[in-house]
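Data first, discussion second: the structure below is written as structure tokens.
Each chain gets a letter, A, B and so on, in the order the sequences are listed, and its residues count up from 1.
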Amino acid sequence: MSDLAVHVLDGGTLDVPRQAIYHHGGPESLVIPVPSFLIRHPKGDIVFEGGNPRELAEDARGYWGDLVDAVTPDMGVSQHVRSQVEALDVDPADIRYVLHSHLHMDHTGAIGHFPNASEVVHRQELAYAYAPDWFSDFVYKRPDFDREGINWEFVDLIEEAPEFDVYGDGVVKLVFTPGHSVGHMSLVVELEDQPLVIAGDAIDAKPHYEEEVMPGWYLDGPANVRSVHRLKRYEENLAAFTIFGHDLEQYGTLRTGADAYT
Amino acid sequence: MSDDLAVHIIDGGTMVVPRQGIFQNGGPEDLVIPVPSFLIRHPKGHVVFEGGNQLDVAADPRGYWGPIADVFKVHMEPEQHVRAQVEALDVDPEEVRYVIVSHLHLDHTGSIGHFPNAEFLIHRKEWEYAHGPEWFSAGVYMPQDFNRPTKWTYLDLDEQYPEYDLYGDGTIKIVFTPGHSHGHMSVVAGLQKEPLILAGDAIDAQAHYDEQVMPGWYVDGSAVVRSLARLKGHQERLGGALVIYGHDIEQWPSLKVGRAAYA
């Protein structure tokens with residue numbers, strides 16, 4: 001039985017071309033964090049996002065091939081989401097839900113590592129991951145999600161019904177935020193002191209929130225804009241703090257590890 | 001009207017744009033692109049597809065477009081405007097029966113307001129979106145381009161019913177090809193000897209046809225891929241029709257332009 005809290009988990013970093021995050025941002029190097037989140041809830045703990053797969057900490061080139069030259073992980077085994085959860089004295093076997101924002105290769109680290117969890121994913125996201133358009137092919141790694149024994153739970157959020165309230169108490173809500181990917185979902189956590197909007201890649205970084213520049217990656221631009229607006233409404237209505245998906249500057253200001261948001 | 005079916009490519013001048021405007025992550029270097037339109041002669045009435053830049057752009061790009069004229073640098077003489085080009089082919093603009101507008105981006109609106117008796121065909125979603133674009137699209141839609149006295153007909157093509165056979169004889173098919181914009185439409189011209197796929201910006205250039213690189217601009221990436229596949233389907237059904245890309249300077253010199261028509 002745990003009190004409500006959110007821990008930001010350090011997943012190491014990726015070194016990517018700037019244009020992967022900022023539209024027309026050029027090929028220069030940009031280091032981005034790859035965080036995950038542990039949500040302590042009286043009814044059962046939850047993991048949101050998974051960061052990089054554990055294999056990248058062990059043999060990045062063996063797992064990703066030459067992609068590591070363009071998207072270069074810097075990650076130790078202790079930075080894998082399961083290790084991070086254990087470091088907070090939570091037994092991975094006690095995690096009740098793993099919530100997946102989407103299935104791009106730097107968000108799949110949790111899959112299969114929490115043996116008793118239901119793994120919640122948008123139905124369209126998993127379907128698309130198995131059959132991506134050619135230009136999306138390299139961001140979906142089939143070994144990440146095509147694993148035995150995953151207890152998938154599909155949600156079918158749509159624009160007209162964009163919310164999934166995990167425990168029915170209004171505290172932990174998945175919010176449909178497509179655009180970056182076809183079935184992207186963000187998380188809203190109504191903490192008592194500091195409600196959080198955990199955007200995932202619906203908002204990679206501050207300039208997207210500010211609508212100064214489009215993301216370097218999107219499937220559907222207008223959907224992306226709509227999703228940013230959706231999250232801003234939650235932020236305003238809840239006086240929430242919005243955590244961006246890959247913003248190194250913001251990451252440096254966040255509470256991480258044992259220092260939780262409550 | 002006894003004109004035999006034929007397609008003339010109309011030279012609309014060129015623009016110099018950042019390479020990344022056409023090729024995703026293509027960098028800021030200059031790329032010269034053509035801005036073609038098409039006159040389709042048909043026994044039942046002439047059709048114009050596309051429109052290139054508005055006439056006002058030839059005279060004073062910055063005055064008409066504002067600062068975006070410094071990003072899309074236009075090289076266009078007044079006689080390269082679509083109306084003048086149609087006249088140069090001895091066709092009276094008043095006798096153009098239909099104008100098919102692929103989409104309403106600023107370099108595709110030149111026909112609007114210049115063919116007084118034509119029915120202008122536009123996808124309803126394109127019209128709606130042009131009047132309420134998101135912030136990132138706002139720069140490519142110019143209300144002064146399309147808020148002109150015009151007889152509009154709105155088409156509601158969708159993924160299930162993506163075709164409109166203009167004269168009901170299979171010679172001019174309007175095909176829904178969204179992705180580049182919400183309501184983008186291409187034209188398939190079933191010419192007897194040289195069938196053509198007029199892709200518009202559904203396929204800007206050969207590299208997109210070859211799926212080597214994504215376009216520099218799209219609202220829906222998956223739709224871009226779907227639309228390309230749709231046009232390739234038409235190409236195959238027509239026994240390998242020539243696909244004319246929207247802005248490919250390398251393909252441009254290989255095309256018949258002006259009086260030398262495809263038939």
Checked A:H23, A:R226, A:Q19, A:E211 vs chain B; the most non-hydrogen pairs under 4.5 Å come from A:E211
- Where do A:H122 and A:H102 land on the ring-ring contact (aromatic ring centres under 6.0 Å, His included) test, with the steps shown first? CA-CA 8 Å; A:H122 197 286; A:H102 64 309; over 10 Å; no
Honestly, the part of B:V219 sitting under 4.5 Å from a heavy atom of chain A is both
Query raised in the report: So, A:E163 and A:Y234: side-chain donor and acceptor under 3.5 Å apart, yes or no?
Result: yes
Looking only at heavy atoms, the pair that brings A:K206 and A:D247 closest together is N-OD2, 2.9 Å
request  = Before giving the answer on side-chain hydrogen bond (donor to acceptor under 3.5 Å, both in side chains), spell out for A:D201 and A:H246 the whole-Å C-alpha distance, their side-chain angles and the decisive distance to 0.1 Å.
outcome  = CA-CA 7 Å; A:D201 288 5; A:H246 293 298; 3.1 Å; yes
Under 4.5 Å to a heavy atom of chain A? For B:Q20 that would be both
State whether the number of non-hydrogen atoms from other residues, nucleotides or ligands found under 6.0 Å of A:E210 atom CD is greater than 12. yes
Step through the shown structure and confirm whether more than 12 heavy atoms of other residues, nucleotides or ligands are within 6.0 Å of CD on B:E236. no
Turns out that what part of B:V213 lies under 4.5 Å from chain A's heavy atoms comes down to backbone
Cut-off 4.5 Å, heavy atoms of chain B, and the answer for A:V182 is neither
The interface call for A:D133 against chain B, heavy-atom contacts under 4.5 Å, is side chain
Honestly, the part of A:Y128 sitting under 4.5 Å from a heavy atom of chain B is side chain
Under 4.5 Å to a heavy atom of chain A? For B:Y129 that would be side chain
